[in-house]
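This report refers to the structure that appears directly beneath it.
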Amino acid sequence: MSVSCDMLVFGGTGDLALHKLIPALYHLHLERRLHPQMRIVALARQALSRDAYLQLAERHCRAQLPRSEFQHESWLEFSERLDYFAMDASQRGDFVRLAHHLGHAEGRLRIYYLATAPGLFAPIAANLEAAGLANEQARVVLEKPIGHDLASALAINAAIGQVFAESRIYRIDHYLGKETVQNLMALRFANALFEPIWRAGHIDHVQITVGETLGVENRGGYYDQAGAMRDMVQNHLLQLLCLVAMEAPVRFDAESVRNEKVKVLEALKPITGLDVQDKTVRGQYIAGQVGGHDVPAYYFERHVDNDSDTETFVAVQAEIDNWRWSGVPFYLRTGKRMAKKTSEIIIEFKPVPHMLFGNSQANRLVIRLQPDECISLQLMAKAPGKGMQLEPVELDLNLAHVFRQKRRWDAYERLLLDVIEGDSTLFMRHDEVEAAWRWVDPILKGWQGYYRKPRPYPAGSNGPEQARQLLERHGRYWA
Ligand code: BG6
C-alpha cells in the first residue's frame with residue numbers, strides 16, 4: 001500500500017487523463033495499491049460539476065478497460081476519491097481558489113501531474129509556488145514532449161527547477177514503464193550470455209521500429225505542431241536506443257541508470273548539413289487503407305492544417321560515437337497509419353565469417369514490445385532430410401504466456417505508483433532530455449532547409465520508399 005497523497009491532474013479532461021491516467025489509477029485502486037486516503041483531483045477549464053466529470057471519467061474508463069476489469073461497485077468506491085475543479089491554469093487567482101478548495105494539509109504529499117501542453121509547465125509551476133502549493137514534499141510530473149526544441153526545454157527545466165528540486169521532478173516517458181522495456185535491462189544485465197557479443201565486433205546493426213496503425217485521432221491540434229520527431233523519436237525511440245546501448249549501471253537506482261543513459265545520448269553523432277538528407281527520411285501519410293478501411297490523408301484530419309508540412313513518419317540512421325558502438329548503425333523508424341501496429345527492437349548480428357553450408361542468414365535477436373511481448377532469437381538450423389539444407393528458425397520466448405498467471409501492468413500504472421513511492425529510476429533527468437534535443441535540433445533545422453515537404457506514403461504502407469533505401473543501399477533490410 002502506498003503513501004497517502006493528493007494527486008492533481010492538470011489537463012483533467014484531456015485525452016491522456018481520460019484514456020490513460022484515470023484508468024491506470026482505477027486499476028491501482030482495484031489492486032489495493034492506493035492509500036485509502038489518497039485523493040485525485042482533475043483540473044481543467046471546462047465548467048463541469050463533479051458529477052458530470054465522474055460520468056465522463058466512468059465512460060472513458062469503461063471504454064478503455066476490458067469488460068471483466070471494470071466493476072461497478074469498485075468504480076463507485078474509486079469515485080469517492082475523485083474530484084473535479086474547474087480552473088484556468090494560466091490565472092494566478094485560480095490557484096488561490098484551488099488552495100482553498102484543497103484545504104490545509106500540513107505535511108501532506110501533493111503530486112502535480114501536468115498533462116498539458118508544455119507551454120503551460122512554467123506558468124503552472126510559478127502559480128503553484130505563488131499560491132503556497134509547492135511545499136518541500138510536493139512532486140511534479142511532466143509529460144513529454146518537454147518543450148519543442150533545446151532552447152524551450154532548457155527554459156522549462158530552468159523554470160520548473162526554480163520551484164521543485166530535481167529529485168522531485170518526474171519527467172515521464174511511458175515507454176520506460178512497459179514491461180518488455182524493463183525486460184530489456186533484465187535480458188542484458190541479468191544474463192551473462194549477451195554481454196561479450198553486445199558490441200560493434202559482433203553486431204551489424206540495430207533496428208528500432210514503433211509503427212502505429214492509428215492516425216492522429218482527435219489530437220490533430222497538438223500533433224500538427226509536434227510531428228513524429230518531437231512526439232516519438234526525441235523521447236520514446238531515443239530512450240529505447242539508450243537501453244540497448246548503455247553500459248551496465250553500478251546499481252539499479254535512479255542516478256546510476258540515468259548516468260549511463262545520458263552518456264549514450266551525449267555520444268550520439270550529430271546529424272547536420274548534408275547528412276540530414278542522407279541519414280533521415282520524413283514522410284506524411286496520404287489516403288489509403290488500414291485494416292480494410294479507407295482512411296483520409298493526414299492533411300484532412302481534424303484540426304490539421306490543409307497545407308501541413310508536419311511529418312507523420314521518420315526514419316533515421318543514428319550512430320553512437322563510443323568504443324562499444326563505433327560503426328554500428330542504429331536505424332530508428334516510427335510512423336502513424338502504418339501497415340501494422342508493432343514496436344520492436346532488432347539486434348542483427350554479423351554473418352558467420354565463413355559460409356560452410358552455402359546459405360546462412362545472420363542471427364537476429366528480436367525484442368517485441370507490442371502487440372505481443374516476446375523475445376525471440378533467429379538461428380539457422382538444418383532442415384530434416386538428406387543434405388545440409390539450412391533454414392532460419394526461431395527460439396521464441398512469449399513473455400505474456402510464460403507469466404500468464406500475472407496481470408500485465410499498464411505502463412502508466414507502474415509509473416504512477418513509482419511517483420507516489422518516490423522512485424525516479426524510470427523517469428528522465430533534465431540532462432537526458434536536453435541531450436536528446438541537442439541531437440534532434442539540427443535534424444529539425446535541416447528539414448526546414450532541405451526539404452520542407454515530407455515524402456508522401458499511402459496509409460497502411462511501411463512508409464515512404466526512401467526509408468527502404470536508407471537500409472538497402474548498405475545491403476540491409478527492415479525486418
Ligand atoms: C505517445 C504519443 O507518447 O505515444 C502518441 O504522443 C503515440 O502519438 C503513443 O500514439 C504511442 O504509445 P503506445 O504505448 O500506444 O505505443
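From a predicted model like this one, the values you see are computed outputs, not experimental measurements. For ligands, and for the atoms within them, numbers begin at 1 and follow the listed sequence.
Ligand 1 lies out of reach of Tyr223, whose nearest heavy atom is not under 4.0 Å from it.
Between Asp410 and Arg414, no side-chain nitrogen of the basic residue sits less than 4.0 Å from a carboxylate oxygen of the acidic one, so the salt-bridge criterion is not met. Under 4.0 Å is where a charged nitrogen must lie from a carboxylate oxygen, and between Arg455 and Glu311 no such pair does. Taking 4.0 Å as the cut-off between side-chain N and carboxylate O, Asp231 and Lys144 count as a salt-bridged pair.
Residue-to-ligand polar distances place Lys144 within reach of ligand 1: an N/O pair is separated by less than 3.5 Å. Polar contact check, Ser343 against ligand 1: no nitrogen or oxygen pair lies under 3.5 Å apart.
When ring centroids are compared, Tyr113 and Tyr170 stay outside the 6.0 Å threshold. No close placement of the Phe330 and His205 rings is indicated, their centers lying 6.0 Å or farther apart.
Those atoms of ligand 1 that come under 4.0 Å of a heavy atom in Lys336, given as number and element, are 5 (C), 7 (C), 8 (O), 10 (O).
For atom 15 (O) of ligand 1, the closest non-hydrogen atom of the protein is Lys341 NZ, 3.3 Å. Scanning all protein heavy atoms for the shortest distance to atom 6 (O) of ligand 1 gives Asp231 OD1, 2.6 Å. The nearest protein atom to atom 16 (O) of ligand 1, hydrogens excluded, is given as Tyr175 OH, 2.4 Å; this is a heavy-atom distance. Protein heavy atom at the shortest distance from atom 14 (O) of ligand 1 is Lys178 NZ, 2.6 Å.
Considering each of His236, Met232, Arg230, the one bringing a non-hydrogen atom nearest atom 3 (O) of ligand 1 is His236. With His174, Glu217, Glu212, Arg219 as candidates, the residue nearest to atom 5 (C) of ligand 1 on a non-hydrogen basis is Arg219.
Under the 30°/60° scheme for interplanar angles, the aromatic rings of Tyr285 and Tyr457 are found to stand perpendicular.
If you check the side chains of Asn157 and Arg171, you find a donor sitting under 3.5 Å from an acceptor.
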